[in-house]
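Report on the structure given below.
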Amino acid sequence: MMRIDAHHHVWTLARADYGWLTPERGPIYRDFGLADLMPHLAAAAIEGTILVQATPTEAETAFMLDIAKGSELVRGVVGWIDFDAADAAARVNTIADRELLVGLRPMVQDIADDDWLLRPELAAPLDAMARHDLVFDALVLPRHLPRLIQVVDRHPDLQFVLDHFGKPQLATGDIAAWKDDIASLATRANVVCKLSGLATEAAPNWQVADLREAVDHALACFGPPRMLWGSDWPVVNLAGGYGHWFAAAESLLADLSSDARAAIFGGNAARIYLSSRGRPTSRK
């Protein structure tokens, strides 16, 4: 079974549309390309990736699709369209023609209106996504989870992936409400959970034990068949780096069967993102 990193980014600062990426970001305020990622993938025996958008522009989606077209490594791209545009559904229909596009991700965490997900106008583009077998990557904060549950219920034919576990507040330990909402969300069959982004939610100099409660809870709720691992590289460089996070994930999942671990580290990503779109993962 191919190992897949189900969540990473690339960026080129000269493109100048990464509004959040400022010099204050220190170690990640520079260009990052696939060549920078390759040594980390080799060390973890990872053969394929899902490239995920990092800024809310359709230009970046085109940029990522061009990169993916030129690399067998990238199995699929999660991009972005303007979901607030009057013709959002038509935009989904158009971009769905790009063969390596496997999903779309509005950056809900950065939208000022906490009820944005509940807008009636969102129904048409989400229905279009479902028709084209595009995955909805949910980049949300804990306070958005009750709204996300409502959206999931409105679109039972759409596959949702909860990025970064919904960003539980690991640094403060205030995760009681998050645990309740995760348990509720997990009862919806069209949602899976991405084991990613936890290192940057934990306190500085985090240890594996700092992540265990959240990971054990999500595993108990979703089960191994509905969890997929991603690095969140290069953002993870702010919290220990690729190797540290990968080793932590292996430790946190060590008690699972080899089949369950193989699913989380690749098989589930292949099923969720690549069963009808993107590059196939079968070896010749």
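The analysis underlying the following values was restricted to heavy atoms, covering all of them including side chains, and did not include hydrogens, waters or symmetry mates.
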Atom pairs and distances, donor-acceptor, side-chain atoms in residues 198-206, under 3.5 Å, two or more places apart:
from	atom 1	to	atom 2	distance (Å)
T200	OG1	G197	O	3.1
W206	NE1	A239	O	2.8

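- Applying the salt bridge (Lys or Arg N to Asp or Glu O under 4.0 Å) rule to D84 yields the partners R119; only residues at least two apart in sequence or on another chain are considered.
- Scanning for ring-ring contact (aromatic ring centres under 6.0 Å, His included) contacts around F32 gives W11, W233, with sequence neighbours left out.
- The ring-ring contact (aromatic ring centres under 6.0 Å, His included) search around H217 returns W178, not counting sequence neighbours.
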Cut-off 3.5 Å, no hydrogens considered: what does the side-chain donor-acceptor table look like for residues 250-257, sequence neighbours left out?
from	atom 1	to	atom 2	distance (Å)
S257	OG	A260	N	3.1

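- Through ILVMFWY side-chain contacts below 4.5 Å, W80 is grouped with nothing and stands alone.
- Every residue meeting the salt bridge (Lys or Arg N to Asp or Glu O under 4.0 Å) condition with D153, not counting sequence neighbours, appears here in chain and number order: R188.
- In terms of the salt bridge (Lys or Arg N to Asp or Glu O under 4.0 Å) criterion, residue partners of R147 (sequence neighbours excluded) are, by chain and number, D115.
- Applying the salt bridge (Lys or Arg N to Asp or Glu O under 4.0 Å) test to E72 and every residue at least two apart in sequence or in another chain returns R279.
- Listed by chain and number, the residues in a ring-ring contact (aromatic ring centres under 6.0 Å, His included) with H155 amount to none (sequence neighbours excluded).
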When the side chains of residues 50-57 are checked against the rest of the protein, which donor-acceptor pairs come out under 3.5 Å, sequence neighbours left out?
from	atom 1	to	atom 2	distance (Å)
Q53	OE1	R105	NE	2.7
Q53	OE1	R105	NH2	3.1
Q53	NE2	T55	O	2.9
T55	OG1	D17	O	2.4
T57	OG1	D17	OD2	2.7
T57	OG1	E60	N	3.1

Worksheet item: Going through the distances and angles, do D137 and Y273 end up as a side chain to side chain donor-acceptor pair (under 3.5 Å)?
Response: CA-CA 10 Å; D137 261 49; Y273 284 116; 2.7 Å; yes
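- Residues passing the ring-ring contact (aromatic ring centres under 6.0 Å, His included) test with F265, sequence neighbours excluded: W229, F246.
- In summary, the side chains of H8 and T49 do present a donor paired with an acceptor at a separation below 3.5 Å, with no hydrogens or angles considered.
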